[in-house]
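Contents: one structure, followed by commentary.
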Amino acid sequence: MPGELLVESLALVFDEVALAFGLALATLVQAVGHISGAHVNPAVTFAFLVGSQMSLLRAICYMVAQLLGAVAGAAVLYSVTPPAVRGNLALNTLHPGVSVGQATIVEIFLTLQFVLCIFATYDERRNGRLGSVALAVGFSLTLGHLFGMYYTGAGMNPARSFAPAILTRNFTNHWVYWVGPIIGGGLGSLLYDFLLFPRLKSVSERLSILKGARPSESNGQPEATAEPVELKTQAL
């Protein structure tokens with residue numbers, strides 16, 4: 001049936017797009033993760049800020065860089081793509097029948113699982129980690145896209161949603177792609193750092209980190225072993 005073939009074709013396209021997003025992020029994490037943590041996402045940076053793993057000033061600089069980088073990348077893509085196939089630069093849009101409330105909840109949960117994966121794989125305290133950090137993070141993003149594309153287009157990243165909105169001047173329901181990921185990122189940070197694997201830091205130590213000062217080394221956390229660690233969130 002033509003209808004069934006169309007559905008199968010769309011599903012295949014969505015799968016390919018989701019995998020492309022995941023592999024692209026995995027490549028970035030592998031390439032620059034040791035330099036900056038490869039956040040590339042204001043929601044992820046906000047999660048690290050909530051978890052007192054980086055200073056407020058650095059978080060602001062990260063977010064500004066992420067937005068500027070997203071706009072620059074989208075502008076390059078827009079300029080080299082023929083008008084006939086340019087479309088809307090894959091602008092995130094709500095699918096028919098999905099309300100803004102439902103879309104916000106979807107974005108919250110998509111980003112929540114994504115941030116939990118990042119915190120778990122980046123955590124320098126987990127000396128028994130197995131596998132590749134880059135692939136784990138990339139597959140987590142792929143998972144989010146495989147589910148969320150049928151509801152919101154799977155934003156999960158305010159910068160990624162902001163760039164095409166700027167170039168196409170289309171901000172319809174744009175707030176959903178900020179509010180959902182930011183709430184999801186913050187919840188993921190609180191869930192991991194205070195429930196799943198608590199960080200034993202005092203309020204003064206957390207405030208010291210937020211101000212950009214290094215806390216004392218005697219923070220009650222287990223000492224790291226001599227094993228090599230791919231990424232350290234404390235270095236952020």
Side-chain angles (χ1 to χ4, degrees), residues 2-26 28 39-47 63-64 66-115 117 137-188:
E4 295 178 351
L5 291 176
L6 177 60
V7 171
E8 292 179 358
S9 298
L10 288 176
L12 180 60
V13 170
F14 283 168
D15 291 347
E16 292 175 348
V17 171
L19 186 59
F21 269 107
L23 292 178
L25 181 61
L28 285 174
H39 291 189
V40 301
N41 186 337
V44 173
T45 298
F46 180 74
M63 292 180 185
V64 171
Q66 290 156 4
L67 293 175
L68 292 177
V71 172
V76 171
L77 179 63
Y78 189 82
S79 64
V80 301
T81 303
V85 295
R86 186 178 291 163
N88 60 0
L89 290 180
L91 179 71
N92 290 126
T93 55
L94 274 59
H95 282 229
V98 178
S99 69
V100 291
Q102 292 171 329
T104 303
I105 293 175
V106 167
E107 287 293 319
I108 288 174
F109 279 101
L110 292 180
T111 314
L112 172 62
Q113 66 85 22
F114 183 53
V115 166
C117 177
V137 174
F139 284 141
S140 178
L141 184 66
T142 297
L143 175 64
H145 275 77
L146 286 173
F147 175 81
M149 277 186 138
Y150 298 94
Y151 296 90
T152 64
M156 301 174 64
N157 184 343
R160 175 257 181 277
S161 302
F162 177 75
I166 283 287
L167 293 178
T168 61
R169 297 176 179 83
N170 183 358
F171 289 91
T172 304
N173 299 321
H174 183 66
W175 63 268
V176 170
Y177 299 98
W178 280 88
V179 174
I182 290 296
I183 293 177
L187 289 176

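No hydrogens, no waters, no symmetry mates; every other heavy atom, side chains included, goes into these values. Counting from 1, the numbers follow the sequence of the chain as shown.
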Under 3.5 Å, is there a donor-acceptor pair between the side chain of [X] and the main chain of [Y]?
| X | Y | answer |
| --- | --- | --- |
| Asn157 | Ala43 | no |
| Glu107 | Val179 | no |
| Gln113 | Ser140 | yes |
| Asn170 | Ala165 | no |
| Tyr78 | Pro164 | no |

Counting C-beta onward and ignoring hydrogens, is there a side-chain heavy-atom pair between Val106 and Leu110 closer than 4.5 Å? yes
Heavy-atom distance under 4.5 Å between the side chains of Met149 and Val17, does that happen here? yes
Parallel, tilted or perpendicular: ring planes of His174 versus Tyr177, cut at 30 and 60 degrees: tilted
Distance-minimising heavy-atom pair for [X] and [Y]:
| X | Y | result |
| --- | --- | --- |
| Gly155 | Asn92 | CA-OD1, 3.6 Å |
| Phe114 | Leu25 | CZ-CD2, 3.4 Å |
| Thr142 | Gly22 | OG1-CA, 3.2 Å |
| Thr111 | Met156 | OG1-CA, 3.7 Å |
| Asn41 | Pro158 | OD1-CD, 3.4 Å |
| Ala70 | Ala163 | O-CB, 3.2 Å |

From CA spacing to verdict: side-chain contact (heavy atoms from CB on, under 4.5 Å), Trp175, Val100: CA-CA 9 Å; Trp175 63 268; Val100 291; 3.9 Å; yes
State the [atom1]-[atom2] distance between [X] and [Y], to the nearest 0.5 angstrom.
| X | Y | atom1 | atom2 | result |
| --- | --- | --- | --- | --- |
| Ser161 | Asn173 | OG | CG | 11.5 Å |
| Phe109 | Leu187 | CZ | CG | 8.5 Å |
| Phe171 | Phe162 | CZ | CZ | 5.5 Å |
| Leu141 | Leu23 | CG | CG | 10.0 Å |
| Ile105 | Leu112 | CD1 | CG | 13.0 Å |

Under the criterion side-chain contact (heavy atoms from CB on, under 4.5 Å), I'd like the reasoning laid out for Thr104 against Ile108: C-alpha separation, chi angles, the key distance, then a yes or no. CA-CA 6 Å; Thr104 303; Ile108 288 174; 4.2 Å; yes
Tell me whether the centres of the aromatic rings in His145 and Phe21 are closer together than 6.0 Å. yes
Quick one: do Tyr151 and Leu94 satisfy side-chain contact (heavy atoms from CB on, under 4.5 Å)? Show the steps, please. CA-CA 6 Å; Tyr151 296 90; Leu94 274 59; over 6 Å; no
